[in-house]
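Input: a single structure, listed below in structure tokens.
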Amino acid sequence: MPLHVDSSWQEIIEYAYAGLSPEYRNFLEQDEGYFPTFSNFLNAFHTLNLEKTKYILFGQDPYPRFESASGYAFIDSKVKQIFSEKGFSKEVNRATSLRNFLKMILLSEGYLSSDDLSQESISKINKDGFIDTIDELKCNFEHNGVLLLNTALIFTCKEETKHHVKEFRVFMQRLLSRIVDRDIKLILFGNMAKDIKKKLPASLEFKTVETLHPYNIGFIHDLKVWDTFKPMRLLISR
């Protein structure tokens, strides 16, 4: 089956995909029993070309809901509007990792104070010039050269997450082996993402930003994360 990626990634992703076991490739190509679908699970490589990629952000695995899993780390397709009159929208408040990531952005850019991250405080922010849709957030990530990847690119059930991470390990190693000479930094969210670096051959060295997964409240206050994302102005409309 054809892989749905930008032409700049085609050879690299074909090489990475060939590293998957034959049994796992057969499972993927049946295109059932998992999500995102076969035509969507490589979306990150479809909408951001290789030449514009400055970072690869590794999350954990897709959102555990078909309507949410978009093929991009942290982009919850069930979320339409980011904000409401009361602060964040109901959909954002139900997506813990996304909510904490957005709070980190607002705090790092001075829109919130560390002692008050409440809905009420968020509702009082002047949002003139802000984006307000999840798709705009994705586009702002990509405008800054951030490829939104997960360590496992599909989801079946929580009990099988580690299995999918293991199956995609060679895929990720092959991917990184082909871009090691490019100036691309890895942003590793959580222990599963950090394992990617731990299991790389010594010859593959990347600059990294390593932090808690955003579902941890401590992520919001991590200064390494602030330094990485604050200059990107991810909530500013372009």
Side-chain angles (χ1 to χ4, degrees), residues 6 8-9 43-60 62-63 70-77 79-83 87-89 91-92 95-114 117 121-122 125-151 175-176 179 182-190 193-194 196-197 206-238:
D6 182 82
S8 62
W9 286 105
N43 273 346
F45 300 103
H46 180 65
T47 52
L48 181 63
N49 69 44
L50 175 58
E51 287 72 26
K52 293 182 179 178
T53 301
K54 299 176 182 177
Y55 306 88
I56 298 180
L57 188 161
F58 282 103
Q60 182 170 293
Y63 286 105
S70 62
Y72 302 92
F74 298 103
I75 301 300
D76 186 337
S77 290
V79 174
K80 304 305 179 187
Q81 303 301 120
I82 294 175
F83 298 104
F88 287 139
S89 67
E91 290 78 14
V92 167
T96 304
S97 297
L98 176 61
R99 183 185 71 230
N100 285 347
F101 186 91
L102 293 170
K103 284 185 177 182
M104 179 276 295
I105 293 295
L106 292 172
L107 180 58
S108 70
E109 296 189 19
Y111 296 105
L112 293 174
S113 62
S114 59
L117 304 176
S121 290
I122 294 168
I125 295 171
N126 182 353
K127 303 176 186 66
D128 291 344
F130 273 23
I131 62 171
D132 191 39
T133 69
I134 198 71
D135 189 60
E136 288 176 296
L137 179 61
K138 177 188 76 68
C139 289
N140 274 0
F141 271 117
E142 293 183 337
H143 177 83
N144 283 281
V146 182
L147 187 86
L148 298 166
L149 209 57
N150 279 309
T151 54
L175 162 67
L176 294 173
I179 63 170
R182 295 177 176 268
D183 187 19
I184 296 176
K185 182 180 288 187
L186 308 184
I187 304 172
L188 308 175
F189 283 177
K194 291 173 189 175
I196 289 177
K197 179 183 177 181
F206 287 86
K207 294 179 180 178
T208 62
V209 177
E210 302 175 40
T211 184
L212 295 170
H213 192 281
Y215 58 60
N216 293 286
I217 196 73
F219 172 90
I220 299 172
H221 305 277
D222 190 325
L223 297 183
K224 298 190 302 294
V225 180
W226 288 25
D227 290 342
T228 301
F229 290 104
K230 182 179 178 180
M232 296 184 187
R233 308 302 305 278
L234 291 171
L235 290 178
I236 302 301
S237 181
R238 302 183 189 279

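Sequence positions, counted from 1, serve as the residue numbers for this chain.
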To the closest 0.5 Å, what do you measure between OH (Tyr55) and CG (Asp183)? 9.0 Å
Is the backbone of Gln60 close enough, under 3.5 Å, to the side chain of Thr151 for a donor and an acceptor to pair up by distance? yes
Glu109 vs Arg233, side chain to side chain contact (heavy atoms under 4.5 Å, CB included): CA-CA, chis, key distance, verdict: CA-CA 8 Å; Glu109 296 189 19; Arg233 308 302 305 278; 3.2 Å; yes
Give me the atom names and distance for the closest heavy-atom approach of Arg238 to Asn140. NE-OD1, 3.0 Å
Here the pair of heavy atoms bringing Gln81 nearest to Ser89 is O-OG, 2.7 Å
Determine, step by step, whether Lys54 and Asn144 satisfy the side chain to side chain contact (heavy atoms under 4.5 Å, CB included) criterion, reporting the C-alpha distance in whole Å, the side-chain angles of both residues, the deciding distance to 0.1 Å, and the verdict. CA-CA 8 Å; Lys54 299 176 182 177; Asn144 283 281; over 6 Å; no
Rounded to the nearest 0.5 angstrom, the CZ-OG1 distance for Arg182 and Thr53 is 8.5 Å
Evaluate the criterion side chain to side chain contact (heavy atoms under 4.5 Å, CB included) for residue pair Asp6 and Thr47; output intermediate values, then yes/no. CA-CA 7 Å; Asp6 182 82; Thr47 52; over 6 Å; no
In Å, rounded to the nearest 0.5 Å, how long is the span from CG of Leu48 to OG of Ser8? 8.0 Å
Worked verdict on Tyr111 versus Ile105 for side chain to side chain contact (heavy atoms under 4.5 Å, CB included): CA-CA 9 Å; Tyr111 296 105; Ile105 293 295; over 6 Å; no
Heavy atoms, side chains only, cut-off 4.5 Å: are Phe229 and Leu57 in contact? yes
Side chains of Asp135 and Thr133: is there a donor and an acceptor less than 3.5 Å apart? no
Nearest 0.5 Å please: distance from the NZ atom of Lys103 over to the NE2 atom of His221. 9.0 Å
Is the shortest side-chain N to carboxylate O distance from Lys224 to Glu210 below 4.0 Å? no
Flag side-chain contact, heavy atom, 4.5 Å: Leu102 against Leu137: yes
Which heavy atom in Lys185 sits nearest to a heavy atom in Val209, and how many Å separate them? CD-CG2, 3.8 Å
Residue pair Leu175 / Phe45, side-chain heavy-atom distance below 4.5 Å: yes
Would you say that Leu106 contacts Phe130 through its side chain, given a criterion of any heavy-atom pair below 4.5 Å between the two side chains? yes
Of the options Ile179, Ile187, Ile196, which is the one that meets Ile56 in a side-chain contact (heavy atoms from CB on, under 4.5 Å)? Ile179
Mind checking the CG-CD1 spacing from Leu117 to Ile217? Nearest 0.5 Å is all I need. 7.0 Å
Over all atoms of both residues, closest heavy-atom pair of Phe219 and Leu212: CD1-O, 3.3 Å
Under 4.5 Å between any side-chain heavy atoms of Glu136 and Ile82, yes or no? no
For the residue pair Thr211 and Lys194, what are the closest heavy atoms and their distance? O-CE, 3.2 Å
Would His46 and Tyr72 count as a close aromatic pair, with their ring centres under 6.0 Å? no
Does any part of the side chain of Leu147, heavy atoms only, come nearer than 4.5 Å to the side chain of Ile184, both counted from C-beta? no
Contact check, side chains of Lys197 and Leu186, non-hydrogen atoms, under 4.5 Å: no
Would you name the heavy atoms of Ala193 and Gly59 that are closest together and state the gap between them? CB-O, 3.9 Å
Nearest-0.5 Å distance that lies between atom NZ in Lys138 and atom CG in Asp76: 14.5 Å
For the residue pair Phe189 and Phe101, categorise the inter-ring angle as parallel (less than 30°), tilted (30 to 60°) or perpendicular (more than 60°). tilted
Is there a side-chain contact between Glu91 and Ile134 in this structure, where contact means two heavy atoms from C-beta onward sitting under 4.5 Å apart? no
